[in-house]
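Quick caveat, the model's predicted, so the values are computed rather than measured. Numbering of ligands and ligand atoms starts at 1, following listing order.
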Amino acid sequence: MDFDPDDISTNPATDPSFQEVVASRLSRRGVLAGGVAVAAGFFTSAITGPAPTYASPPRNGRSTAKAAALLGYQPIPLGYGDEIVVPVGYSATAFLPWGTPILGSYPAFVPGGNTAAQQEQQVGMHHDGMHFFPLRNGPRGSIHGLLVLNHEYTDEALLQTGTTTLPPLESWTAEMVRKSQAAHGVAVVEIQKSGTGEWEVVRSSLNRRITANTPASFSGPAVGHRLVQTSRDPQGIRPVGTINNCAHGYTPWGTYLTCEENFNGYFRVDPGPYTAEQTALISRYGVGGDRQRWATNDPRFVVTAEEPNEPNRFGWVVEIDPFDPSSTPVKRTALGRVKHESAHVHVTKGGRVVVYTGDDQVNEYMYKFVSAGNWHSYRAGRSPLDDGTLYVARFNDDGSGEWLPLMHGTGPLTEANGFADQGDVLVKTRLAATALGATPMDRPEWVSVDPNTGMVYLNLTNNTSTAKQESAANPRKPNNWGHIVRWAESGDNHAATSFAWDLFVIAGQGRSSGDGSTIADEDAFGSPDGLWIDPDGRVWIQTDGTQPMGANDQMLAANPYVTDEAGVPEIRRFFTGVVACEVTGVITTPDQATMFVNIQHPGEGEPSTWPHNDGFAIPRSATVIVTKDDGGIIGS
Ligand code: FEO
Ligand code: CA
Ligand code: CA
């Protein structure tokens, strides 16, 4: 979008007039000195001395030669056109565009002409995070499964009229609001590969749309909390709907996690008076704006002094069982309330569930949740996602880091400071994290763990705010291009409370450009957002925002096991998106022969008619299916 509210800081602790900016402009070598620990042995104490290297030897028995050959395709140049481009030897096909019928009467897509009820039976708008759940064991699981995908937000002009003309505000109706709400949320779609090799939608009872109006529930420490009670739900146990579903996660027990990101912009805040606590929550979470015009006709999205708590019922990670279409989505409050980006799950050797999740706004924080027990030990009705500790990260400038527990009664998280119970801590996660001294970050987006080394990778998309707080883990002010930080948990234990970090890459136009980037000029990219590390260790990087030379958003793969003479990993551009789109969401089938990539908001503000083969002269968000012509592993 033209104006990105994530670029505005609502964290007063990072206001330079409020707190002095940390002037720790470590040289890149200095930053890397911390990285030595990461590569060498997962120490957590401050590391001094040279010999920096990015390379983390794979420990899955892969030979050095095999690791070196991880990326087998010829990289492609930056893209500028209204076509998806993939390397020679690969093919890309659009699939499941916005409006594809998947349910009920399977109503045909009519640009601007579908009703709200029809949109509820169709694929939503603005595809984002996504996972593929196999429906069969063995090889058949790679040609038949459930594709579950998020629909982050809507382009109201396109949705309501099929054109770029936004109807006047005074003409907005309840039906239009309901249609917009129906285009949000999550889609569950059974898909399979036909005999001709084409993927198709199965008319399945598992197909489902979850929208802004789907009944949900709360679980965890904030269930029933006073700050999530409303007149419609006085017990604070039955929230309705999920919105602004950006990235995602999935659990080892076969459920999907959808993250509520910029929920704040869907509300209108009417004049108070509000209590100091209510004012603090509205301010810190940036509630207001009525960006999607829902407040015009849906009182649930109007905040008043009498009804102040509906925004507190969003900003959670929501668990969905895609295999049970009658299941109720559950908002897991133990994972905190922020503008969640991904909720990447990693299981410790002892079976504890660790969920890495970032808060995507300038100067906000990086979190992880750790379950108290082995997930296998939890029985029906109890979830490891309700029982554990939420931590926020402090990235020290010496390359070490700490996970600070957001636990009521510890440190400053006391009643005297506004945290009377754990529910307070979780509803007010951002405030609690500030009280603990977490490190302000350059917009934490997706997280992924290398299955071969246990290293955690985090995309920091950019930070152009004048209130940016610079630190070694968040270098450059302004940070126009973003970077990727990674860390090793102490003892390779993802439940540990300390870690060692380094900078994987600093994005931009390339080393010779003088913009501070560490990558080679031909690997130029900006605004890393989506991130996924495949089973072989390829680090798939997707972009959203400022791109070198005004190019389209893109996807690249990095080989973390091979570095060049400058100590930077091998990177090859794999995919370039269409005009004015975001490339977000990536997963493969288990055999890695089919990759799904989402294109969000093609042609936003610029002319685009992608996908071109659907018979409509308008742009539509869609999933792209990428295959290798020889049927091999994507990226090999
Ligand atoms: Fe929805 Fe943080 O991107
Ligand atoms: Ca994102
Ligand atoms: Ca983004």
So, using side-chain hydrogen bond (donor to acceptor under 3.5 Å, both in side chains) as the criterion, who are the partners of Thr164 when residues are at least two apart? none
List the residues meeting side chain to side chain contact (heavy atoms under 4.5 Å, CB included) with Val330, not counting sequence neighbours, and say none if there are none. Ser217, Ser219, Arg332
Set out, in order, the CA-CA distance, both residues' side-chain angles and the distance that settles salt bridge (Lys or Arg N to Asp or Glu O under 4.0 Å) for Lys331 and Glu319, then state yes or no. CA-CA 6 Å; Lys331 300 199 174 195; Glu319 185 175 19; over 6 Å; no
Residues passing the ring-ring contact (aromatic ring centres under 6.0 Å, His included) test with His248, sequence neighbours excluded, are Tyr256, Trp446
What is the minimum heavy-atom distance between Pro602 and Cys581, and which atoms define it? CA-CB, 3.7 Å
Here the pair of heavy atoms bringing Val586 nearest to Met555 is CG2-SD, 4.1 Å
Of Phe395, Tyr391, Tyr356, which is the lone residue that meets ring pair (Phe, Tyr, Trp, His ring centres under 6.0 Å) with Phe499? Phe395
So which of Phe267, Tyr266, Trp172 actually passes side chain to side chain contact (heavy atoms under 4.5 Å, CB included) with Trp294? Tyr266
Listing by chain and number, what protein N/O/S atoms are under 2.8 Å from atom 1 (Fe) of ligand 1? Glu152 OE2, Cys246 SG, Glu261 OE1
The Ca ion (ligand 3) to Asp529: any N/O/S contact under 3.0 Å? yes
So which N/O/S atom does Glu445 have closest to the Ca ion (ligand 2)? OE1
If I consider every N, O or S atom in Glu341, which one ends up closest to the Ca ion (ligand 2)? I only need its name. OE2
What's the atom name of the N, O or S in Asp544 nearest to the Ca ion (ligand 3)? OD2
